[in-house]
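Worksheet: one structure, shown below.
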Amino acid sequence: MGNALNTLSNATKEDTKLYNCIKELYEQGVPFEELKALIPDMKRTREQLRIKRMLENNNELLVSMITKEMSFLLDAKERQQEEEFRKIDQLIRQQQAFRKESSQTSAVGKLKKLLLPDSLT
């Protein structure tokens with residue numbers, strides 16, 4: 001048993017969790033050759049799980065980054081729209097002021113024509 005466990009220990013390359021799992025199976029009576037054959041599969045599965053966790057973490061990070069970027073872009077769009085509305089409002093106010101001034105000027109001009117002789121206007 002000692003030699004078999006040494007071989008398993010070397011095959012697991014000092015991976016404590018994997019070694020302990022295999023040792024437990026060996027002690028429960030699973031044949032040494034079957035356990036030795038399982039090691040590559042167990043390592044591959046563990047690596048796939050590690051990659052899966054890494055990808056999930058990367059996905060979470062990407063979602064977070066994209067969310068922040070979208071928020072920034074939406075804020076920028078909102079600021080741009082506010083600026084456009086402010087410009088439109090300013091143009092409307094200028095137009096209203098111009099019309100008001102224009103109507104006052106024409107009203108004053110009409111009064112002058114009515115009240116003052118042509119030579120004075």
Side-chain angles (χ1 to χ4, degrees):
M1 182 174 167
N3 189 30
L5 287 178
N6 283 339
T7 305
L8 288 173
S9 179
N10 291 337
T12 59
K13 295 185 181 167
E14 298 180 15
D15 185 326
T16 308
K17 279 186 179 179
L18 184 58
Y19 173 73
N20 287 336
C21 178
I22 290 171
K23 181 181 174 189
E24 188 176 320
L25 290 172
Y26 182 77
E27 289 170 351
Q28 289 174 10
V30 177
F32 171 71
E33 291 304 317
E34 286 182 26
L35 290 173
K36 194 172 177 185
L38 285 176
I39 292 171
D41 290 337
M42 293 174 85
K43 285 184 174 182
R44 191 171 26 261
T45 301
R46 188 189 56 215
E47 183 64 16
Q48 288 170 346
L49 287 172
R50 190 186 68 76
I51 291 170
K52 182 180 179 231
R53 278 194 300 272
M54 187 179 70
L55 290 174
E56 286 170 351
N57 290 341
N58 285 347
N59 286 345
E60 287 175 16
L61 182 63
L62 283 173
V63 166
S64 174
M65 289 171 63
I66 290 169
T67 301
K68 286 177 186 173
E69 183 67 18
M70 288 300 293
S71 177
F72 174 79
L73 291 173
L74 289 172
D75 288 347
K77 182 72 172 170
E78 195 172 287
R79 284 192 299 275
Q80 182 183 11
Q81 286 176 337
E82 286 174 4
E83 181 65 18
E84 288 172 7
F85 289 139
R86 191 185 63 71
K87 286 179 182 178
I88 290 170
D89 184 59
Q90 188 178 6
L91 287 172
I92 290 170
R93 290 176 190 274
Q94 285 175 350
Q95 190 65 26
Q96 289 172 338
F98 176 75
R99 285 184 182 157
K100 185 176 180 183
E101 186 181 305
S102 178
S103 68
Q104 285 176 347
T105 304
S106 63
V108 169
K110 286 179 187 175
L111 274 175
K112 281 184 180 179
K113 283 185 181 178
L114 288 172
L115 299 174
L116 300 172
D118 289 340
S119 60
L120 294 175
T121 53

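What's counted below: heavy atoms across the whole structure, side chains too, no hydrogens, waters or symmetry copies. Note that the structure is a prediction, hence the values are computed from the model and not measured.
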Between Ile22 and Leu35, the two heavy atoms sitting closest are O-CD1, 3.7 Å
TODO: Step by step, work out the salt bridge (charged side-chain N to carboxylate O under 4.0 Å, His left out) result for Glu47 and Arg50.
DONE: CA-CA 5 Å; Glu47 183 64 16; Arg50 190 186 68 76; 2.5 Å; yes
**Q.** Side-chain heavy atoms of Gln48 within contact of Lys52, under 4.5 Å
**A.** no
Check: Heavy-atom distance under 4.5 Å between the side chains of Ile92 and Ile88, does that happen here?
Finding: yes
Between side-chain atoms of residues 62-70 and protein atoms elsewhere (two or more places apart, or another chain), which donor-acceptor pairs fall under 3.5 Å?
unit_1 : atom_1 : unit_2 : atom_2 : d
Thr67  : OG1    : Val63  : O      : 2.6

Taken to the nearest 0.5 Å, the spacing of Asn58 CG from Arg53 CZ works out to 13.0 Å
In short, salt bridge (Lys or Arg N to Asp or Glu O under 4.0 Å) pairs touching residues 78-92 with sequence neighbours left out are Glu83-Arg86, Asp89-Arg93
